[in-house]
Amino acid sequence: MSVGILDRERSIAPPGWSRWLIPPAALSIHLAIGQVYAWSVFKKPLQATLLHGSHSPGTLSALPFQVAIVMLGLSAALFGRQVESRGPRWAMAVSAAFFVAGLSITSLAVETDQFWLVVVGYGFIGGIGLGIGYISPVSTLIKWFPDRPGLATGIAICGFGGGALIASPLSNNLLQHYHGIAPAATKEGIAKTFLVLAVCYAVFMTMGWVLVRVPADDWQAPAAAVKRVAPSMTDVSAANAIKTPQFWLLWVVLCFNVTAGIGILERAAPIYQDFFPHAASPKALTAAAAGFVAILSLSNAIGRILWSTASDYVGRKNMYRFYLGGGALLYLFVLTAKDNNKALFLVACMLILSFYGSGFSTVPAYLRDLFGTYQVGAIHGRLLTAWSVAGVLGPLIVNRIADDRINSGHKGPSIYTPAFGMMIGLLVIAFLCNELIRPVNPRFHRTSDAGQIAEVTVPPAIGTPA
């Protein structure tokens with residue numbers, strides 16, 4: 001039971017409250033928990049300290065990240081209904097508590113040379129904070145912005161993708177300051193870095209849950225967003241949604257799109273170092289790799305708002321055709337071009353990550369189109385179990401294959417050839433699943449108690465402009 005300031009009733013917006021204050025509140029949470037996308041900055045330091053001598057350092061150093069993504073999806077599914085009933089303020093505060101606790105435990109784990117505790121702290125506990133924090137503003141934003149759901153969710157969710165844009169250079173500078181850079185990394189330096197991050201994010205996330213508001217029951221959406229239709233034409237409960245083929249087709253679409261992007265993102269710094277190993281010094285190479293992570297984070301963030309906003313005009317289905325088909329072609333380019341042109345390699349990776357990020361920001365609006373606004377937060381939470389699977393699948397494919405090929409003597413881009421080929425296949429499968437998505441059968445619709453016409457937001461036809 002929520003208490004005091006965290007009660008939903010205490011977060012109802014007063015008359016005249018600007019809905020444009022809600023995206024910044026959501027951003028403060030998403031920019032913080034988006035730190036998870038900077039995990040690759042810590043891979044080499046952990047391999048040089050806690051995992052020194054391991055035969056599969058890449059695979060093992062990915063484990064905290066993988067567990068965090070698994071817990072993100074599971075906690076989003078488990079607490080989706082709680083977020084709907086208790087409100088975003090409660091959810092954001094709980095998210096902050098778990099996420100900051102996870103970073104603090106990780107600091108202690110590194111200091112005491114306990115890698116298993118890194119997995120528990122960063123992965124399990126921090127991952128719960130990721131899941132609750134990720135879904136906490138989504139349904140609220142859709143209710144505040146029924147006229148432009150793609151834009152609204154894109155603004156907020158771009159923060160999650162852009163979190164590494166802040167966290168990557170910040171973490172790299174802290175590691176350098178505290179002597180946590182590989183190959184001469186110290187456990188103390190890595191531990192202090194995680195502790196400073198915990199303090200910074202505790203302050204930043206508090207601003208979000210204090211600022212957030214939910215619309216009052218009598219709040220009126222912009223007139224252009226409202227039409228008279230029967231509620232049964234738009235609303236599907238979370239329990240019914242998972243019984244539809246549309247939910248599971250979209251689950252596969254999201255899962256494979258995420259797998260294709262997260263495989264690069266989790267191992268971004270080492271991938272850059274393997275493709276372009278020549279630099280003035282090891283320190284310069286490390287800095288360049290951290291810059292590569294930041295560039296991918298920026299692409300991830302920009303894609304989330306740019307492409308999801310475009311989906312309001314061209315339709316969700318068309319945008320996913322663009323993400324999946326374009327992603328497959330870009331992976332094919334990276335496979336064939338290899339390390340021949342650094343600039344084109346960067347552009348291709350930036351576009352792949354922009355499609356990856358935009359898949360997340362477009363999917364809440366896609367769900368609204370399919371299932372309506374009723375319990376859309378809970379449906380979104382259940383759909384994010386696809387992220388849990390992809391969070392294991394993507395890093396496992398890339399790291400396991402990379403470790404095996406490195407052990408067998410491969411170097412440079414050839415380390416990743418089989419893995420990137422598998423990503424192309426997954427994107428093609430997802431493309432076909434997106435083509436099969438149709439409007440939900442009326443038998444799954446939620447009927448109103450009185451069976452009367454009501455004022456509700458009209459979702460556009462699938463694949464057509466909003």
>> A side-chain contact here means heavy atoms from C-beta on lying under 4.5 Å apart; do Pro23 and Phe145 qualify?
In response: yes
> Do Thr206 and Met92 have side-chain heavy atoms sitting under 4.5 Å apart?
Replying inline: no
> How many angstroms lie between atom NE2 of His179 and atom OG1 of Thr186, to the nearest 0.5 angstrom?
Replying inline: 7.0 Å
>> Evaluate Ser61 against Gln47 for side chain to side chain donor-acceptor pair (under 3.5 Å), listing each step before the verdict.
In response: CA-CA 7 Å; Ser61 62; Gln47 291 170 20; 3.0 Å; yes
>> Run the side-chain hydrogen bond (donor to acceptor under 3.5 Å, both in side chains) test against Trp39 and tell me which residues pass, sequence neighbours left out.
In response: none
>> On a heavy-atom basis, which atom in Ser95 and which in Ile29 lie closest, and how many Å separate them?
In response: OG-CG2, 4.4 Å
>> Is it the case that the side chain of Asn340 and the backbone of Ala337 share a donor-acceptor pair, with hydrogens and angles ignored and the cut-off at 3.5 Å?
In response: yes
> Can you name the salt bridge (charged side-chain N to carboxylate O under 4.0 Å, His left out) partners of Asp113, sequence neighbours left out?
Replying inline: Lys187
>> What I'd like to find out is whether the side chain of Val196 reaches to under 4.5 Å of the side chain of Tyr178, using heavy atoms alone.
In response: yes
> Closest approach of Thr193 and Ser171, non-hydrogen atoms and distance?
Replying inline: CG2-O, 4.0 Å
> Looking at Val36, Thr106, Ile69, Val119, which hits side chain to side chain contact (heavy atoms under 4.5 Å, CB included) with Pro64?
Replying inline: Val119
>> Give me each pair satisfying side chain to side chain donor-acceptor pair (under 3.5 Å) with a member in residues 293-302, each pair once, sequence neighbours excluded.
In response: Asn300-Arg304
>> Walk me through whether Val398 and Met423 qualify under side chain to side chain contact (heavy atoms under 4.5 Å, CB included).
In response: CA-CA 9 Å; Val398 175; Met423 299 305 179; 3.7 Å; yes
>> As an exercise, state the distance from CE of Met71 to CG of Leu130, rounded to the nearest 0.5 Å.
In response: 10.0 Å
> Can you find a side-chain donor-acceptor pair between Asp403 and Thr59 that sits under 3.5 Å?
Replying inline: yes
> Side chains of Gln114 and Val120: does their closest heavy-atom pair fall under 4.5 Å?
Replying inline: no
> Is there any salt bridge (charged side-chain N to carboxylate O under 4.0 Å, His left out) pair reaching into residues 39-51, and which pairs are they, with sequence neighbours excluded?
Replying inline: Lys43-Glu266
>> Run Met319 and Val314 through side chain to side chain contact (heavy atoms under 4.5 Å, CB included) and show every step you take.
In response: CA-CA 7 Å; Met319 289 310 301; Val314 303; 3.3 Å; yes
> Looking at Val376 and Arg368, what are the two nearest heavy atoms and their distance?
Replying inline: CG2-N, 4.3 Å
> What pairs with Gln35 under side-chain hydrogen bond (donor to acceptor under 3.5 Å, both in side chains), at least two apart in sequence or on another chain?
Replying inline: Tyr122
> Got a sec, which residues hit side chain to side chain contact (heavy atoms under 4.5 Å, CB included) with Val258, two or more places apart in sequence or on another chain?
Replying inline: Leu254, Ile262, Tyr356, Phe360, Trp387, Ala390
> Do Ser311 and Arg316 have side-chain atoms, one donor and one acceptor, less than 3.5 Å apart?
Replying inline: yes
> Does CZ belonging to Phe124 count more than 12 external heavy atoms closer than 6.0 Å?
Replying inline: no
>> Donor-acceptor pair, distance only, cut-off 3.5 Å: does the side chain of Trp307 make one with the backbone of Phe355?
In response: no
> Side chains of Thr417 and Leu335: does their closest heavy-atom pair fall under 4.5 Å?
Replying inline: yes
>> Applying ring pair (Phe, Tyr, Trp, His ring centres under 6.0 Å) to Phe42 and Phe194, what does each step give before you reach the verdict?
In response: CA-CA 10 Å; Phe42 292 98; Phe194 276 112; 4.4 Å; yes
>> Minimum heavy-atom separation for Ala62 and Asn399, please, with both atom names.
In response: CB-ND2, 3.6 Å
> With His410, which residues qualify under side-chain hydrogen bond (donor to acceptor under 3.5 Å, both in side chains), at least two apart?
Replying inline: Arg405, Ser408
> Has the side chain of Gln246 got a donor or acceptor atom that lies under 3.5 Å from a matching backbone atom of Leu370?
Replying inline: no
> Are Tyr320 and Tyr366 close enough, and set up right, to give a ring pair (Phe, Tyr, Trp, His ring centres under 6.0 Å), and what steps lead you there?
Replying inline: CA-CA 10 Å; Tyr320 271 96; Tyr366 209 161; 5.5 Å; yes
> How far does CG of Leu432 sit from CD1 of Ile429, to the nearest 0.5 angstrom?
Replying inline: 8.0 Å
> For Glu435, what residues pass the salt bridge (charged side-chain N to carboxylate O under 4.0 Å, His left out) criterion, not counting sequence neighbours?
Replying inline: Arg321
> Can you check whether Val70's main-chain N or O pairs, donor with acceptor, with Ser388's side chain at less than 3.5 Å?
Replying inline: yes
> Would you say the side-chain atoms of Asn172 pair up with the backbone N or O of Ser168, donor to acceptor, closer than 3.5 Å?
Replying inline: no
>> Quick check for you: to the nearest 0.5 Å, what is the distance between Ile437 atom CD1 and Asp369 atom CG?
In response: 11.0 Å
> Of the non-hydrogen atoms in Ile305 and Ser308, which two are nearest, and what is the gap between them?
Replying inline: O-OG, 3.5 Å
> Is the shortest heavy-atom distance from the side chain of Pro45 to the side chain of Leu175 under 4.5 Å?
Replying inline: yes
>> So which atom in Ile424 and which in Ala328 form the shortest heavy-atom distance, rounded to 0.1 Å?
In response: CG1-O, 3.9 Å
>> Strictly by salt bridge (charged side-chain N to carboxylate O under 4.0 Å, His left out), give each pair with a member in residues 99-111 just once, sequence neighbours left out.
In response: none
> Distance-only, no hydrogens or angles: does the Tyr331 side chain make a donor-acceptor pair with backbone N or O of Ala260 under 3.5 Å?
Replying inline: yes
> Taking side chain as C-beta onward, heavy atoms only, is Ile397 less than 4.5 Å from Ile401?
Replying inline: yes
> Excluding sequence neighbours, so at least two apart, what forms ring-ring contact (aromatic ring centres under 6.0 Å, His included) with Phe345?
Replying inline: Phe275, Phe276, Phe292
> Considering residues, nucleotides and ligands other than Met422, do more than 12 of their heavy atoms fall under 6.0 Å from its CE?
Replying inline: no
>> Applying side chain to side chain contact (heavy atoms under 4.5 Å, CB included) to Arg400 and Asp404, what does each step give before you reach the verdict?
In response: CA-CA 6 Å; Arg400 182 72 265 175; Asp404 288 343; 3.1 Å; yes
> In Å, rounded to the nearest 0.5 Å, how long is the span from CE of Met350 to CD1 of Ile302?
Replying inline: 7.0 Å
> Does any pair with a residue in residues 123-138 pass side chain to side chain donor-acceptor pair (under 3.5 Å), and if so which ones, sequence neighbours excluded?
Replying inline: none
>> If we ignore hydrogens and angles and just use 3.5 Å, is the side chain of Asn434 paired with the main-chain N or O of Lys317 as donor and acceptor?
In response: yes
> Considering residues at least two apart in sequence or located in another chain, which fulfil the side-chain hydrogen bond (donor to acceptor under 3.5 Å, both in side chains) criterion with Thr385?
Replying inline: Trp251
> Quick check: are there more than 12 heavy atoms from other residues, nucleotides or ligands sitting under 6.0 Å from CZ of Phe420?
Replying inline: yes
> Would a 4.5 Å heavy-atom cut-off, applied to side chains only, mark Leu197 and Tyr201 as touching?
Replying inline: yes
